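Values in this document were obtained by computation on a predicted structure and should not be read as measured data.
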Amino acid sequence: MAKKDKVSETPATALLRQHGVSFTEHPYEYLEHGGAQHSAQVLGMDPFAVVKTLIMQDQDAKPLVVLMHGNRKVSTKNLARQVGLKAIEPCAPEVANRHSGYLVGGTSPFATRRQMPVFIEQTILALPRICINGGRRGYLVGIDPQVCVQLLGAQPVQCALAE
């Protein structure tokens with residue numbers, strides 16, 4: 001067997017196990033700048049059900065997490081308006097790494113280094129299952145999207161744009 005089906009524990013999977021969340025593991029060959037579209041393609045999944053974890057910041061450089069469909073972009077203007085902020089923008093990769101404790105490309109919303117508010121595109125919650133980063137590049141976990149609300153207190157927002 002060329003690829004391991006079992007991946008070593010990450011802070012994210014440890015948190016999921018600690019809370020009794022059942023999840024499936026989906027390791028894949030990581031591609032630099034491949035993003036959620038690449039992981040969906042190699043795993044044979046719908047990119048709409050592969051959720052990317054984006055570390056962003058507000059006008060005061062306070063970090064926040066946005067969970068978005070793999071084949072959609074975030075309308076930062078819509079998001080800022082909905083959550084009562086002046087502006088929201090993506091963090092530079094090195095800043096995102098510091099806030100989350102994960103490397104960009106392997107960022108999970110679970111067990112981040114810093115406690116940050118989490119916003120989830122509302123339409124993700126209508127899906128029966130999603131795949132989201134498990135805390136390492138080349139590693140997704142399949143979960144019920146409601147776990148994001150239950151464990152992270154993710155607030156539903158409408159800020160998706162076609163890619």
Handout entry: Transitive ILVMFWY side-chain link I55 to V66, under 4.5 Å
Key = no
Please find the pair of heavy atoms, one from [X] and one from [Y], that lie closest to each other, and give the distance.
| X | Y | value |
| --- | --- | --- |
| Q158 | N78 | O-CB, 4.1 Å |
| N133 | G105 | ND2-O, 3.4 Å |
| S8 | R136 | O-NH1, 3.0 Å |
| S39 | Y28 | CB-CZ, 3.3 Å |
| L64 | D58 | CD2-N, 4.1 Å |
| S22 | R129 | O-NH2, 4.2 Å |

[X] (side chain) donor-acceptor with [Y] (main chain) under 3.5 angstrom:
| X | Y | result |
| --- | --- | --- |
| Y30 | G106 | no |
| T10 | G134 | yes |
| S100 | A96 | yes |
| D60 | K62 | no |

Practice task
Determine, step by step, whether K73 and M68 satisfy the side-chain contact (heavy atoms from CB on, under 4.5 Å) criterion, reporting the C-alpha distance in whole Å, the side-chain angles of both residues, the deciding distance to 0.1 Å, and the verdict.
Solution key: CA-CA 7 Å; K73 289 190 293 199; M68 181 54 69; over 6 Å; no
Just to verify, what does [X] make a side-chain hydrogen bond (donor to acceptor under 3.5 Å, both in side chains) with, not counting sequence neighbours?
| X | value |
| --- | --- |
| T76 | none |
| R98 | none |
| H38 | none |

Problem - Connected-component partners of L103 among ILVMFWY, side-chain separation under 4.5 Å - result: none
Could you tell me whether the side chain of [Y] reaches within less than 4.5 Å of the side chain of [X], counting heavy atoms only?
| X | Y | value |
| --- | --- | --- |
| L43 | C131 | no |
| T53 | Y102 | no |
| V21 | F110 | no |

Handout entry: Chi angles and distances behind the side-chain contact (heavy atoms from CB on, under 4.5 Å) call for Q59, L85
Key = CA-CA 8 Å; Q59 67 278 353; L85 294 169; 3.7 Å; yes
Exercise for the section: Give a yes or no on whether Q41 atom CD has more than 12 heavy-atom contacts from other residues, nucleotides or ligands under 6.0 Å away. Expected result: no
Handout entry: Gap separating the CG atom of L16 from the CD1 atom of I132, nearest 0.5 angstrom
Key = 9.5 Å
Practice task
Just jot down the ring-ring contact (aromatic ring centres under 6.0 Å, His included) partners of F23, sequence neighbours excluded, or say none.
Solution key: none
Below 3.5 Å, can you tabulate the donor-acceptor pairs from side chains in residues 115-123 to any protein atom, sequence neighbours excluded?
residue: E121; atom: OE1; partner: C159; partner atom: N; Å: 2.8
residue: E121; atom: OE1; partner: A160; partner atom: N; Å: 3.1
residue: E121; atom: OE2; partner: T123; partner atom: OG1; Å: 3.4
residue: T123; atom: OG1; partner: H69; partner atom: NE2; Å: 2.7

